[in-house]
Amino acid sequence: MNQIKSQTLKGFRDFLPKEMAVRNYVKNTLTEVFENFGFLPLETPALEYTSILKGKYSNETDDKLGYFFKDNGDREIGLRYDLTVPTAKVLAIYSNQLQLPFRRYQIQPVWRAENTQKGRYREFIQCDVDIFGTDSPIADAEIISLIYTGIQKLNLKNAVIKINSRAVLFDILTKSGVEKDQNSILQSLDKIDKIGQDGVKTELISKGLSDAQINNLFKEIKTSQPDANLQKVLDLLSSFNIPKDAYIFDPTLVRGGDYYTGTIFEVNVDGANGSIGGGGRYDKLIATLGGPQISAIGFSFGFERIVDVIQELNLLPENNQSNIKVLVANFGPETEKNILNLVSQLRDKNISSILYPDFDKIGKQIKYALDLGIKYLAIIGTDELKNNKITVKNLVTTEQKLVSFDELINML
Ligand code: AMP
């Protein structure tokens with residue numbers, strides 16, 4: 001028989017418990033924020049009909065980046081490559097069951113046949129939060145308020161939420177005499193960080209703009225001001241108690257997606273190379289994707305990038321490093337009944353605990369606990385048994401104490 005070669009597909013990852021602790025922390029922290037802001041959970045299947053996935057969203061994503069194949073029943077199907085397309089499908093199918101405005105969050109893996117590199121995977125988590133069915137600026141401000149709260153809860157430092165509006169940008173283009181292919185011009189402007197002002201200029205010339213038009217455009221963008229709608233959003237932010245230094249109006253923010261129609265935003269924090277998320281208002285996209293004609297605004301947290309930042313800057317709070325709090329040590333058959341009893345009582349009190357199953361040297365048992373990030377070792381030896389007490393050792397400080405069960409619970 002051939003030996004199976006254990007290997008993982010390129011662009012796909014296995015997450016061992018230490019990494020899962022960070023991923024769960026990010027997921028749970030953001031989920032708490034989403035729920036606190038009244039967003040409801042949504043999940044959709046990994047596989048969808050190809051006809052649904054190949055909407056009119058982005059030809060590049062559709063054709064090159066999708067995983068498409070035929071199933072055993074000869075259906076044309078594919079793996080979802082984002083969470084917006086499946087949500088448009090949900091809005092189309094279940095419109096009579098969903099109350100508008102519909103506030104949903106969705107944290108699920110997506111698959112793209114990308115060229116892999118650091119931070120670019122073929123299977124990765126997307127973490128989207130959107131409000132469908134209102135064009136009120138309150139919704140825009142609420143999303144920005146949620147982004148701010150999420151960043152605070154994750155303890156990410158020096159966050160700046162850059163805010164602009166596609167409506168403001170379209171207006172500038174029109175004023176500068178650029179009436180044609182406005183989305184394509186904005187896509188070039190969006191590359192300024194990557195290819196610099198000169199690179200953008202060359203691209204705009206190739207798209208038919210004159211030198212004068214381009215200079216005018218750069219000048220107009222830099223000096224532009226929020227329009228009435230965006231000003232309203234910005235004014236609402238202070239009522240949401242968001243400090244003024246947490247956000248800026250950035251007239252040079254463009255964001256690539258053609259589908260944005262109004263407010264757009266992007267977030268930068270210390271330690272992240274690039275933004276940790278972006279979003280905005282897209283009032284026409286859901287209908288384009290086969291959903292109802294409804295307004296939408298939302299944000300996508302760059303889950304994988306946030307996980308990287310938390311890991312690189314060591315921002316995982318100590319109590320999230322291992323959910324196991326106590327290892328109950330094994331001192332042989334004489335106290336076996338007592339340690340089984342202790343671990344059950346701890347679990348009854350909702351304290352995550354395990355017992356060491358073998359009667360090994362205590363050093364080996366302590367090493368096992370330390371490797372798993374367990375903070376406390378509980379010992380019931382013959383002395384403790386006599387006194388009906390437990391010795392508890394803090395493995396971080398190496399301090400140890402003789403305590404009763406109730407005292408132990410109070411310590412944990
Ligand atoms: P997009 O749908 O391309 O606008 O991407 C939405 C979010 O997913 C952004 O936060 C991206 O950083 C993230 N993202 C896109 N492609 C990848 C990838 N291949 N690996 C990890 N994260 C990605």
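Computed from heavy atoms alone, side chains included, the values below leave out hydrogens, waters and symmetry copies. Note that the structure is a prediction, hence the values are computed from the model and not measured. Ligands are counted one by one from 1 in listed order, and the atoms in each one are counted from 1 as well.
- Evaluated for a side chain to side chain contact (heavy atoms under 4.5 Å, CB included) with Arg347, the options Val343, Ile351, Asn350 yield exactly one hit, Val343.
- For the 3.5 Å distance criterion, the side chains of Asn268 and Ser275 fail to qualify, holding no donor opposite an acceptor.
- On a distance-only criterion, Ser300 and ligand 1 share no N/O pair closer than 3.5 Å.
- Taking a cut-off of under 4.0 Å to the non-hydrogen atoms of Glu114, the atoms of ligand 1 that pass are 16 (N), 17 (C), 18 (C), 19 (N).
- Here Arg281 pairs with Asp140 in a salt bridge; the nearest charged N to carboxylate O distance falls below 4.0 Å.
- The residue from Glu304, Arg255, Arg120 that puts a heavy atom closest to atom 12 (O) of ligand 1 is Arg120.
- For Gln126, a nitrogen or oxygen atom sits less than 3.5 Å from a nitrogen or oxygen atom of ligand 1, counting backbone and side chain alike.
- Checking Gln400 against Asn394 by side-chain atom types alone, no donor-acceptor pair falls below 3.5 Å.
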> Yes or no on salt bridge (charged side-chain N to carboxylate O under 4.0 Å, His left out) for Glu142 and Arg103, after CA distance, side-chain angles and deciding distance?
Replying inline: CA-CA 11 Å; Glu142 246 197 314; Arg103 307 156 69 91; 3.0 Å; yes

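- Distances below 4.0 Å separate heavy atoms of Gly302 from the following atoms of ligand 1: 10 (O).
- Remark: distances from the non-hydrogen atoms of Arg305 to ligand 1 are all 4.0 Å or more.
- A donor-acceptor pair under 3.5 Å is formed between the side chain of Arg112 and the backbone N or O of Tyr81.
- For ligand 1, the atoms sitting less than 4.0 Å from at least one non-hydrogen atom of Gly119 are 20 (N), 21 (C), 22 (N), numbered in the order shown with element in parentheses.
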